[in-house]
Peer 1: 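Okay, handing you the structure first.
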Amino acid sequence: MKRYLVILYIFLTIVPSFEVSAQNNKTDKINEYIKDAMDQYQIPGAALTIIDGGEEIINEQWGILSNGEVVTDDTPFLTGSLSKPFTALAILILAEEGKIELDQSIDTYLPEFKYVASHDHEITVYHLLRQTSGISQYDGLKVTDRENTENWDISAAIKELSGVKLAHSPGEKYEYNSANYLLLGEIVEHVSGESFGDFLVSQVFKPLEMNHTGASVEQVRELHLVPGFESWFGKPVKSEFLYDPAGAPYGYIASTATDLTKFLTFLLEGNKDIISEEGMRLFTSLPEDGNSYGMGWHFNEEGRFLFHGGATRDFRAEMYFRPEIDQAAILLTNKYHSLEDPQVYYIMNGIRDLLIHDHTEALPDQSLLFQWILLAIIIFLIILAIMRIMRKSQVKKRYLTYFLSTIFVVISLGAIPMIVITQQIPWRSFQIFAPDLAFLVYCIMFLFLLHAVIPLKFFFFKDKSSSIAK
């Protein structure tokens, strides 16, 4: 009998130690993976929290802020579009209270907001939540990511958006657009009688003890948020601070790894003091109509998980959760460029692979192809300009000179409109999210104008030499 008891004791002692060892091995791999990824993509600072099997297995931070301080679990980051799930939650809270009906036209709650449509369908609250309002992304970008100027707030942004012409019939097509969540933020303010930031504090942040999270200029200022980094040719450059006072509903909530871990726990476990179990099921439900966007969440069909990414001028974040296996993670970084947007998504994919399969593929290399192409064009134009200036005689066919100069002027003046039309993005947004590309475009425009006026030197010097001869 004693022999069996000894064997049982050894079994109960050794097996848990193997599990702990395996877990430690997994966390060590993830730690190394993040460090390598930060080096590869030149990310200055990051914070990662992972909950697996209902337990927090990683709460780590790496790197520095733009002021030289070390990143900690209480360092605030702008969350970008991770703000959208909070807005969707606010709407569902109000719906549970009977103050909002999801299938009701937004005219009921925002009678002052007008839109032009070539059909009789009306935009509903549900359309805004599901990103199917018919408002184009281009029109949305015109009123988002704006500087902190006097009197600019959610209401001012909605007033400027009012009168927009819908690109599609409401409910017809999914088109991701931050303006949809800007409108939801305005609905929250109208229906609740509170500012959007105050409503989130009282209904979400305080119940979850998220004491270092802000959703307004004043709240974020108290967090002492440090600007992140823009990316110039892949290298981090300290950014000028950009906070959009109208942006909290779609992208300008600031929070910390510690606070967002509490939100992850809420997503996995719920909290009846905030929303009922039925409301929570609706909030975290998977889309049933083939759409990849639910109540403030993207849905990954293959991996069967809900997620959202977020970006501002100088921050990039990624969050996902799978309630059926009690798994969730949040990754915060402080560098951004529109062409580098997939990088943090790739990193999070690797983290999921390490959690599930204990191995992952190598990360894709950082590509600077567009920057080098534009730089090559600039070098070519500079060399060509020097050659043309040094040439002692002009092209004999004057009409050809005039024609080429006209072409150069048209290319120069048409560069920005061409980018705006082909990329369907306002130039202001292009400058914010791809500053190095915008700078290179300006250089190319200047050089084409220079080539347009180079022939004038021949006319100037010819007239001057003629007058001297007389």
Peer 1: Short question: side chain of Thr333, backbone of Arg316 - any donor-acceptor pair under 3.5 Å?
Peer 2: yes
Peer 1: Ignoring hydrogens and geometry, is there a side-chain-to-backbone donor-acceptor pair from Asn67 to Pro227 under 3.5 Å?
Peer 2: no
Peer 1: First locate atom CG of Asp353, then atom CE of Met348, and finally report the distance between them rounded to the nearest 0.5 Å.
Peer 2: 12.0 Å
Peer 1: Tell me if a side-chain donor or acceptor on Ser195 pairs with a main-chain N or O of Asp198 at a distance below 3.5 Å.
Peer 2: yes
Peer 1: Do Phe430 and Leu141 have side chains that approach each other closer than 4.5 Å (heavy atoms only, starting at C-beta)?
Peer 2: no
Peer 1: Is there a donor-acceptor contact under 3.5 Å from the side chain of Thr422 to the main chain of Met418?
Peer 2: yes
Peer 1: Output yes when a side-chain donor or acceptor of Ser412 lies under 3.5 Å from a complementary backbone atom of Phe408, and no otherwise.
Peer 2: no
Peer 1: State whether the side chain of Lys29 and the backbone N or O of Leu354 hold a donor-acceptor pair below 3.5 Å, judged by distance alone.
Peer 2: no
Peer 1: Any side-chain donor paired with an acceptor under 3.5 Å for Asn177 and Tyr250?
Peer 2: no
Peer 1: Between the main-chain N or O of Gly234 and the side-chain N or O of Lys335, is there a donor-acceptor pair closer than 3.5 Å?
Peer 2: yes
Peer 1: Given Glu340 and Tyr41, is the side chain to side chain contact (heavy atoms under 4.5 Å, CB included) satisfied, shown in steps?
Peer 2: CA-CA 9 Å; Glu340 299 169 15; Tyr41 292 143; over 6 Å; no
Peer 1: Under 3.5 Å, is there a donor on one side chain and an acceptor on the other for Asp436 and His337?
Peer 2: yes
Peer 1: Which heavy atom of Leu264 sits nearest to which heavy atom of Ala328, and what is that distance?
Peer 2: CD2-CB, 3.9 Å
Peer 1: Would you say Glu324 has more than 12 foreign heavy atoms packed within less than 6.0 Å of its CD?
Peer 2: yes
Peer 1: Considering only NZ, NE, NH1 and NH2 on the basic side and carboxylate oxygens on the acidic side, decide whether Lys173 and Glu175 come within less than 4.0 Å.
Peer 2: no
Peer 1: What do the steps show when you test His121 against Ser169 for side-chain hydrogen bond (donor to acceptor under 3.5 Å, both in side chains), and what is the final call?
Peer 2: CA-CA 7 Å; His121 298 131; Ser169 174; 2.9 Å; yes
Peer 1: When you look at Glu318 and Phe307, which way does the side chain to side chain contact (heavy atoms under 4.5 Å, CB included) test go after all the steps?
Peer 2: CA-CA 8 Å; Glu318 194 78 23; Phe307 73 100; 3.5 Å; yes
Peer 1: Between Tyr115 and Glu122, does the side chain to side chain contact (heavy atoms under 4.5 Å, CB included) criterion hold? Intermediate values first, please.
Peer 2: CA-CA 10 Å; Tyr115 51 91; Glu122 296 180 321; 3.7 Å; yes
Peer 1: Keeping Gln424 on the side-chain end and Ile421 on the backbone end, is there a donor-acceptor pair under 3.5 Å?
Peer 2: yes
Peer 1: When you look at CD of Glu209, are more than 12 heavy atoms from neighbouring residues, nucleotides or ligands closer to it than 6.0 Å?
Peer 2: no
Peer 1: Please determine if Glu186 and Lys159 form a salt bridge, counting it only when a charged side-chain N lies under 4.0 Å from a carboxylate O.
Peer 2: no
Peer 1: Would you call the rings of Phe86 and Phe205 parallel, tilted or perpendicular if under 30° counts as parallel and over 60° as perpendicular?
Peer 2: perpendicular
Peer 1: With a 4.0 Å cut-off, would you call Asp145 and Arg313 a salt bridge?
Peer 2: no
Peer 1: To the nearest 0.5 Å, how far apart are CD1 in Ile43 and OG in Ser231?
Peer 2: 9.5 Å
Peer 1: Kindly state whether the ring of Tyr293 and the ring of His298 have centres lying under 6.0 angstrom apart.
Peer 2: yes
Peer 1: First locate atom CG of Leu161, then atom CD1 of Ile135, and finally report the distance between them rounded to the nearest 0.5 Å.
Peer 2: 5.0 Å
Peer 1: Verify the neighbour count for atom CZ of Phe241: are there more than 12 heavy atoms of other residues, nucleotides or ligands below 6.0 Å?
Peer 2: yes
Peer 1: Is there side-chain contact between Leu183 and Ile158, with heavy atoms separated by less than 4.5 Å?
Peer 2: yes
Peer 1: Can you sort out the partners of Thr72 under side-chain hydrogen bond (donor to acceptor under 3.5 Å, both in side chains), two or more places apart, ordered by chain and number?
Peer 2: Thr75
Peer 1: Using distance alone, with no hydrogens and no angle criterion, decide if Lys84 and Tyr176 have a side-chain donor and acceptor under 3.5 Å apart.
Peer 2: yes
Peer 1: Do the non-hydrogen side-chain atoms of Leu306 and Tyr320 ever get within less than 4.5 Å of each other?
Peer 2: no
Peer 1: Can you name the closest pair of heavy atoms from Val226 and Ser66 and give their distance?
Peer 2: CG1-OG, 3.2 Å
Peer 1: Do Arg352 and Phe305 have side chains that get closer than 4.5 Å, going by heavy atoms?
Peer 2: yes
Peer 1: Asp73 and Gln61: side-chain donor and acceptor closer than 3.5 Å?
Peer 2: no
Peer 1: Apply side chain to side chain contact (heavy atoms under 4.5 Å, CB included) to residues Lys262 and Asp259 and explain how you reach the verdict.
Peer 2: CA-CA 5 Å; Lys262 297 171 182 176; Asp259 275 13; 4.0 Å; yes
Peer 1: Hey, could you give me the CD1/CZ distance between Ile325 and Arg304, rounded to the nearest 0.5 Å?
Peer 2: 12.5 Å
Peer 1: List the atom of Ser133, the atom of Leu166, and the distance in Å for their closest heavy-atom pair.
Peer 2: O-CD1, 3.9 Å
Peer 1: Look at the aromatic rings of Phe77 and Phe315 and report parallel, tilted or perpendicular, splitting at 30° and 60°.
Peer 2: perpendicular
Peer 1: Is there side-chain contact between Phe283 and Arg281, with at least one heavy-atom pair below 4.5 Å?
Peer 2: no
Peer 1: Side chains of Leu184 and Asn180, heavy atoms from C-beta outward: is any pair under 4.5 Å?
Peer 2: no
Peer 1: For Glu147 and Tyr243, test the side chains for any donor-to-acceptor distance below 3.5 angstrom and give the result as yes or no.
Peer 2: no
Peer 1: Just checking, is any N or O donor in the side chain of Thr256 or His212 under 3.5 Å from an acceptor N or O on the other one?
Peer 2: no
Peer 1: Classify the side-chain pair Trp62/Glu60 by whether it contains a donor and acceptor separated by less than 3.5 Å.
Peer 2: no
Peer 1: Check Ala246 against Pro249 and note the closest heavy-atom contact, atom names and distance.
Peer 2: O-CD, 3.5 Å
Peer 1: Will you find, in the side chains of Asp139 and Gln137, an N or O donor that is under 3.5 Å from an N or O acceptor?
Peer 2: no
Peer 1: What I'd like to find out is whether the side chain of Met445 reaches to under 4.5 Å of the side chain of Ile416, using heavy atoms alone.
Peer 2: yes
Peer 1: Can you tell me if Gln219 uses its side chain to pair, donor with acceptor, with the backbone of Ala254 under 3.5 Å?
Peer 2: no
Peer 1: Calculate, to the nearest 0.5 Å, the distance between atoms CZ and CG belonging to Phe233 and Leu368 respectively.
Peer 2: 7.5 Å
Peer 1: Under 3.5 Å, is there a donor-acceptor pair linking the side chains of Thr261 and Thr49?
Peer 2: yes
Peer 1: Could you check if a side-chain atom of Lys35 sits within less than 4.5 angstrom of a side-chain atom of Glu32, using non-hydrogen atoms only?
Peer 2: yes
Peer 1: Ignoring hydrogens and angles, state whether a donor on the side chain of Tyr174 or His168 is under 3.5 Å from an acceptor on the partner side chain.
Peer 2: no
Peer 1: Would you check if there is a donor-acceptor pair between the side chains of Tyr336 and Gln343 at a distance under 3.5 Å?
Peer 2: no
Peer 1: Rounded to the nearest 0.5 Å, what separates atom CD1 in Ile454 from atom CG in Leu450?
Peer 2: 4.5 Å
Peer 1: Are Tyr442 and Trp427 close enough that their ring centres sit under 6.0 Å apart?
Peer 2: yes
Peer 1: Kindly give the heavy-atom pair with the smallest separation between Ala47 and Val71, and that separation in Å.
Peer 2: CB-CG1, 4.5 Å
Peer 1: Looking at Ser239 and Phe229, would you say the former's side chain and the latter's main chain have a donor-acceptor pair under 3.5 Å?
Peer 2: no
Peer 1: If you look at every heavy atom in Pro85 and Gly296, which pair is closest and at what distance?
Peer 2: CG-O, 3.3 Å
